[in-house]
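Residue numbers start from 1 in every chain, and the chains themselves are labelled A, B, ... in the order their sequence lines are given, proteins ahead of strands.
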There are 2 protein chains.
Amino acid sequence: MSETNGIVNLYEQNDRFYVAVDCIIFGFHQGTLKLLLIKRKFDPCMGEWSLMGGFLNKDESIDAAAERVLQDLTGLENVYMEQIGIFGELDRDPGERVLSAAYYALINIDDYDKELAESHNAVWVPITEIPDLIFDHNKMVRIAQKQLKRKAAVEPIGFNLLPELFTLPQLQSLYEAIFGDTLDKRNFRKKLLAMDVFEKTEEKDKSNSKRGAYYYRFDYDKYTELVQSGLRFAL
Amino acid sequence: MSETNGIVNLYEQNDRFYVAVDCIIFGFHQGTLKLLLIKRKFDPCMGEWSLMGGFLNKDESIDAAAERVLQDLTGLENVYMEQIGIFGELDRDPGERVLSAAYYALINIDDYDKELAESHNAVWVPITEIPDLIFDHNKMVRIAQKQLKRKAAVEPIGFNLLPELFTLPQLQSLYEAIFGDTLDKRNFRKKLLAMDVFEKTEEKDKSNSKRGAYYYRFDYDKYTELVQSGLRFAL
DNA sequence: ACAAAAGTGTTATACTTACACCCATGT
DNA sequence: ACATGGGTGTAAGTATAACACTTTTGT
């Protein structure tokens with residue numbers, strides 16, 4: 001036990017721990033919600049599937065570490081991320097005692113550094129087909145999915161999974177994937193448009209139909225107004 | 001860097017951190033929601049207000065540490081607790097870099113070890129009158145309160161704040177305190193009783209009126225049936 | 001002309017909200 | 001007898017859920 005200025009250092013008598021962060025990275029493509037998983041090229045557990053993770057460094061906050069880890073894999077910055085908690089069972093990492101703070105991230109699946117991801121052996125896997133992952137990563141995924149489900153119903157975070165311009169059929173299929181449920185087309189559109197937080201453009205997406213679907217844009221200013229008027233985004 | 005069996009130890013090159021847990025302890029008394037806070041008798045920040053906390057030890061999970069810290073203050077075991085996350089800003093504890101996992105606990109305010117709590121300088125403070133707390137503890141409290149609000153509306157956790165037997169006026173005033181809002185007596189009772197998860201007893205609580213209010217008991221078995229039938233607790 | 005997805009309104013039902021009086025009992 | 005909190009039902013309004021046809025356009 002050390003002393004400084006005559007007082008016992010109250011910290012040094014305690015244990016210190018390795019702390020990691022793990023990222024549950026959601027993307028959306030062709031009607032299915034996916035996770036960016038790693039086929040590990042390194043130990044421990046080489047060859048197995050896992051979330052992208054990394055150790056916390058002395059000079060960074062936990063949030064910053066999560067952002068760094070995400071950026072290391074995808075090249076992306078300023079991504080929507082939420083902490084889902086810290087996992088600290090004694091034997092969660094059989095190699096050593098490591099605590100892990102889990103975060104989920106929502107990214108636009110066609111806007112990230114593909115070479116970089118590939119260099120880490122990263123693969124998009126449909127949320128319905130997640131394999132066995134190392135440690136407690138499956139548990140993290142379950143919790144992240146549950147939180148996404150809950151939060152997406154009540155805050156406009158789904159848009160982070162789409163390009164800036166999106167169509168209403170696209171949006172509906174996104175929410176169907178998140179909620180794991182089908183939605184009525186007319187009711188869905190009515191409800192969303194009634195909130196008046198979208199800007200309709202003149203452009204159409206003709207990749208899915210001859211007729212084409214109008215592109216919309218989420219309008220953050222209108223959303224702010226909505227919230228200030230005491231209302232909420234809700235599906 | 002050390003080697004074992006010829007492989008480099010992948011962990012040792014990383015930093016290690018002090019990890020604390022802090023408990024936001026909710027109680028309910030006479031129509032107001034309260035927190036059990038500590039007037040610190042020790043450094044750092046002697047004399048200031050804080051949450052009850054403690055350091056994580058090598059041989060315990062984070063959840064177990066939270067339970068231990070709660071027990072150290074209240075003598076209670078098997079208490080309803082939820083982790084709200086880990087806080088890891090660089091300077092959150094000005095003395096040293098310490099990460100802290102925050103948990104909230106719901107306890108029955110007239111069932112804990114009062115001498116023990118007193119020996120730690122613990123005091124019940126109405127949630128509406130929380131003073132400035134050390135570090136980021138006010139932030140933890142805000143988040144805990146928000147989560148309690150959200151979760152109490154949708155899961156039957158409020159009962160943890162009441163004795164086994166409670167009256168409907170009591171229950172209503174509890175939910176009013178949690179939601180920070182008044183509720184209509186008739187609608188409240190209708191909704192709750194419609195879920196059919198209460199057992200009405202023959203006993204009455206006459207401490208608040210001449211007539212007396214019937215004691216009820218939350219019935220976990222009936223609640224399980226409710227959930228299995230696909231319905232949910234909801235207020 | 002036809003196939004395929006986009007777009008559009010109405011009605012029935014369930015849920016939510018508002019609201020006022022009688023009851024039981026101790027003093 | 002009266003003061004105090006406990007207990008009860010109904011009606012109006014609002015939100016949700018169910019449902020089917022027309023439009024556009026590329027082939």
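- Closest to the side chain of K185(B), out of dA3(D), dG7(C), dG7(D), is dG7(D).
- Side-chain proximity of R211(B) to the nucleotides dC23(C), dG9(D), dA17(D) is greatest for dC23(C).
- A cation-pi arrangement, defined by a distance under 6.0 Å to the six-membered ring centre and an angle within 45 degrees of its axis, is present between K114(B) and Y112(B).
- The CZ atom of R186(B) sits 10 Å away from the P atom of dC19(C) (whole-angstrom rounding).
- For R189(B) and dG7(D), the shortest distance from a side-chain N or O to OP1 or OP2 is below 4.0 Å.
- Counting only heavy atoms from C-beta on, K190(B) has its side chain closest to dG9(D) among dA17(D), dT25(C), dG9(D).
- Nearest-nucleotide positions on DNA chain D for N187(B) and N187(A) put N187(B) closer to the 5' end.
- Judged by distance alone, the side chain of D205(A) and the main-chain N or O of A213(A) form no donor-acceptor pair under 3.5 Å.
- The distance from atom NZ of K191(A) to atom C1' of dT8(C) is 19 Å, rounded to the nearest whole Å.
- Between F218(A) and Y220(A), the gap from one ring centroid to the other is short of 6.0 Å.
- Counting distance only, with no hydrogens placed and no angle test, the side-chain atoms of N208(A) and the base atoms of dA4(C) include no donor-acceptor pair under 3.5 Å.
- K206(A) contributes no side-chain N or O that forms a donor-acceptor pair with the base of dT24(D) under 3.5 Å.
- The distance from atom OH of Y215(B) to atom P of dG7(D) is 12 Å, rounded to the nearest whole Å.
- Spacing between atom CE of M195(B) and atom P of dT16(C) amounts to 11 Å, rounded to whole angstrom units.
- Looking at T201(B), its side chain does come within 3.5 Å of a backbone N or O of Y215(B) through a donor-acceptor pair.
- L235(A) is listed as a side-chain neighbour of L192(A), based on a closest heavy-atom distance under 4.5 Å.
- Protein atom CG of L193(A) is 15 Å distant from nucleotide atom P of dA6(C), rounded to whole Å.
- Distance, Y216(A) OH to dA6(C) C1': 10 Å, rounded to whole Å.
- The listed nucleotides are dG7(C), dG6(D), dT8(C); the one nearest the side chain of A213(B) is dG6(D).
- With DNA chain C read from its 5' end, the first of the two nearest nucleotides for L168(A) and K204(B) is the one closest to L168(A).
- In this entry the distance linking CG of L235(B) with P of dC15(C) reads 15 Å, nearest Å.
- Along DNA chain D, the nucleotide closest to D184(A) and the one closest to K200(B) are compared, and the more 5′ of them pairs with K200(B).
- In this structure, F188(B) atom CZ and dT17(C) atom P are separated by 14 Å, rounded to whole Å.
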